[in-house]
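Along the sequence shown, residues are numbered consecutively beginning with 1. In each ligand, atom 1 is the first atom listed, and ligand 1 is the first ligand listed.
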Amino acid sequence: MTNKVATLNLGDQQVDLPVVSGTVGPDVIDIRKLYAQTDCFTFDPGFTSTASCESQLTYIDGDEGVLLHRGYSIEELSEESSFMEVSYLLLNGELPSKQELDDFSYTISRHTMLHEQLATFYRGFRRDAHPMAIMCGVVGALSAFYHDSTDIADPVQRKIASHRLIAKMPTIAAMAYKYSVGQPFIYPDNKLSYTGNFLRMTFGVPAEEYEVIPAVEQALDRIFILHADHEQNASTSTVRLAGSSGANPFACIAAGIACLWGPAHGGANEAALNMLREIGTPDKIPHYIERAKDKNDPFRLMGFGHRVYKNYDPRATVMQKTVREVLTALKVNDPIFEVAMQLEEMALNDPYFIEKKLFPNVDFYSGIILSAIGFPTTMFTVLFALARTVGWVAQWNEMISDPGQKIGRPRQLYTGPTARPYVPVSKR
Ligand code: ACO
């Protein structure tokens, strides 16, 4: 709380609203008592000016292009850390000691297997089902396996559920891929790293020894770090809202996966690569830029623009560097990278994009890397979901352990008909 107040003049009524400061970032006007005091709600579709909760996990300064997890910059974390370490940091608030990190990684590795009964769920899907549809179904189904053993009021049980979710997500994701290509499921090998294990479960086959390529393992681990958490984005808010009713955590994460799937959110990486492939050659770029600027054309530059970043998304900078490393390591010469670079340059010099502060976001380059590694486009958002699971569970835990936590229940501006008498069908 600060000494500042915001004064709202409503007709002849004057209301003082407390102003609350965080450790960094904009102050917030506390409107919790506004309705009781004035009989008015605030109106903010899309939550463009609304802080929905208090959080200590992630800080974004969209104007400066800053992203911090528990105070550590995304640039440093993606350069120096590992996905397991970042997961520990998000869940526990501090970087682990060597022993704590080893123990955490070991614990996660002990939960990688799925109940064998879950494999039968996959067989119920069409082979051409989108893997995100499978993810929604299978992760939601986990709630049936761990319902009675998950008392969300008990921090220990919450911790176990969190570890299970982080550990099982790669297995579930790899199985979704295997099912779509008609190959047998590969069981986890806990000698491998979190990311190496996922690569083997995805690309390994029983007939051959799978060798993890260190450059690919490192690049994918970095991509997981870049996607681990992003404060109160749409899918995280979905998880919090679902969880606020006390729902089963596996069901809440399934809700987050459903939200992430949309092309305006996690689905953008798939859409961005499809767009780059459609553009195909640099000479077609101006045509697509014109289309993106045309108000009468629904086309948008996918992987461009962000609700919060009005500057370069710091994750896109790391991603662009990683593309080069992966393409070099795998000796892949993908002309799409050249198209992406030129598209970025042209857009960043175009008055429309400058004026609207539209910059590449995390999804602009990630598809090129994932495609070079061998993932089909339909798996891109699945990888995002895998990595974001740690953010979702950390945010869910934070919410449940907050004593001020209430069920999320927004209000509305009603513009429908007022009360009117029912007319029987014979008289309509
Ligand atoms: N291409 C062309 N114009 C765009 C783009 C784009 N990618 N993004 C925004 N604009 C324009 C809009 O047309 C709008 O113009 P107007 O003011 O003349 O009406 C203005 O910029 C503001 O756009 P909004 O949609 O109002 O901004 P909002 O914050 O609601 O949307 C969003 C952000 C959804 C990310 C948007 O920029 C977009 O659709 N981008 C493409 C999809 C994408 O890359 N999504 C990934 C986001 S990152 C993530 O989820 C991991």
query = Is the backbone N or O of E75 less than 3.5 Å from a side-chain atom of Y72, with the two atoms forming a donor-acceptor pair by type?
reply = no

task = Could you tell me whether K293 and D350 make a salt bridge, using a distance below 4.0 angstrom between a side-chain N and a carboxylate O?
result = yes

query = Any nitrogen or oxygen of F304, main chain or side chain, under 3.5 Å from a nitrogen or oxygen of ligand 1?
reply = yes

task = Establish whether atom 27 (O) of ligand 1 and some protein heavy atom are separated by less than 4.0 angstrom.
result = no

request  = Verify whether the ring centers belonging to Y312 and F364 lie closer than 6.0 Å.
outcome  = no

inquiry  = If you measure every N or O of G303 against every N or O of ligand 1, does any of those distances drop under 3.5 Å?
reply    = yes

query = For atom 36 (C) of ligand 1, what's the nearest protein heavy atom and its distance?
reply = R300 NH1, 3.3 Å

task = Starting from atom 50 (O) of ligand 1, find the nearest protein heavy-atom neighbour and note its residue, name and distance.
result = H265 ND1, 3.0 Å

remark   = Here the atoms of ligand 1 under 4.0 Å from any heavy atom belonging to V362 are 51 (C)

query = Does the gap between the ring centers of F299 and Y288 come in under 6.0 Å?
reply = yes

remark   = Looking only at heavy atoms, the pair that brings S143 and F250 closest together is N-CB, 3.6 Å

inquiry  = Looking only at protein heavy atoms, which one is nearest to atom 48 (S) of ligand 1, and what is the separation?
reply    = H306 CD2, 3.5 Å

message = Within 45 degrees of the ring normal and closer than 6.0 Å to the centroid, is that where the cationic atom of R123 sits relative to Y179?
response = no

ask   = Is ligand 1 under 4.0 Å from a heavy atom in the side chain of N233, in the backbone, in both, or in neither?
value = neither

note = Checking heavy-atom distances from atom 45 (N) of ligand 1 to each of A264, A234, A292, the winner is A264

key: atom 41 (C) of ligand 1 touched by protein (heavy atom, under 4.0 Å)   = yes

query = Does atom CD of Q56 have more than 12 heavy-atom neighbours, drawn from other residues, nucleotides or ligands, at distances under 6.0 Å?
reply = no

note = Among non-hydrogen protein atoms, atom 3 (N) of ligand 1 lies closest to Y352 OH, 3.0 Å

ask   = Does F364 come within less than 4.0 Å of ligand 1, judged by its heavy atoms?
value = no

query = When you check the gap from the basic side-chain N to the acidic O, do R291 and D297 get nearer than 4.0 Å?
reply = yes

Check: K356 N/O within less than 3.5 Å of ligand 1 N/O = yes

note = Test ring-ring contact (aromatic ring centres under 6.0 Å, His included), reference Y194, set Y106, Y88, F83, output is F83

inquiry  = Show me which atoms of ligand 1 lie under 4.0 Å from any heavy atom of A268.
reply    = 43 (C), 44 (O), 45 (N), 46 (C)

ask   = Does K295 come within less than 4.0 angstrom of ligand 1, counting non-hydrogen atoms of the residue?
value = yes

Backbone or side-chain N or O of K310 under 3.5 Å from ligand 1 N or O = no

query = When you measure from atom 33 (C) of ligand 1 to every protein heavy atom, which one gives the shortest distance, and what is it?
reply = R307 N, 3.7 Å

ask   = Judging by distance only, is a nitrogen or oxygen of F384 under 3.5 angstrom from one on ligand 1?
value = no

ask   = Of N197, N190, D189, which meets side chain to side chain donor-acceptor pair (under 3.5 Å) against T112?
value = N190

remark   = What one should report as the nearest heavy-atom pair of S78 and L226 is CB-CD2, 4.0 Å

query = Within less than 4.0 angstrom of ligand 1, does F299 place any heavy atom?
reply = no

inquiry  = Which of the numbered atoms in ligand 1 are under 4.0 angstrom from any heavy atom belonging to D363?
reply    = 46 (C), 48 (S), 49 (C), 51 (C)

request  = Answer yes if the ring centres of Y59 and H69 are under 6.0 angstrom apart, and no otherwise.
outcome  = no

task = Determine, considering heavy atoms only, which of N269, L358, I289 sits nearest to atom 9 (C) of ligand 1.
result = L358

message = Using a 6.0 Å distance limit plus a 45 degree cone around the ring axis, check whether K356 lies over the aromatic ring of Y352.
response = yes

ask   = atom 1 (N) of ligand 1: which protein heavy atom is closest, and how many Å away?
value = L301 N, 3.1 Å

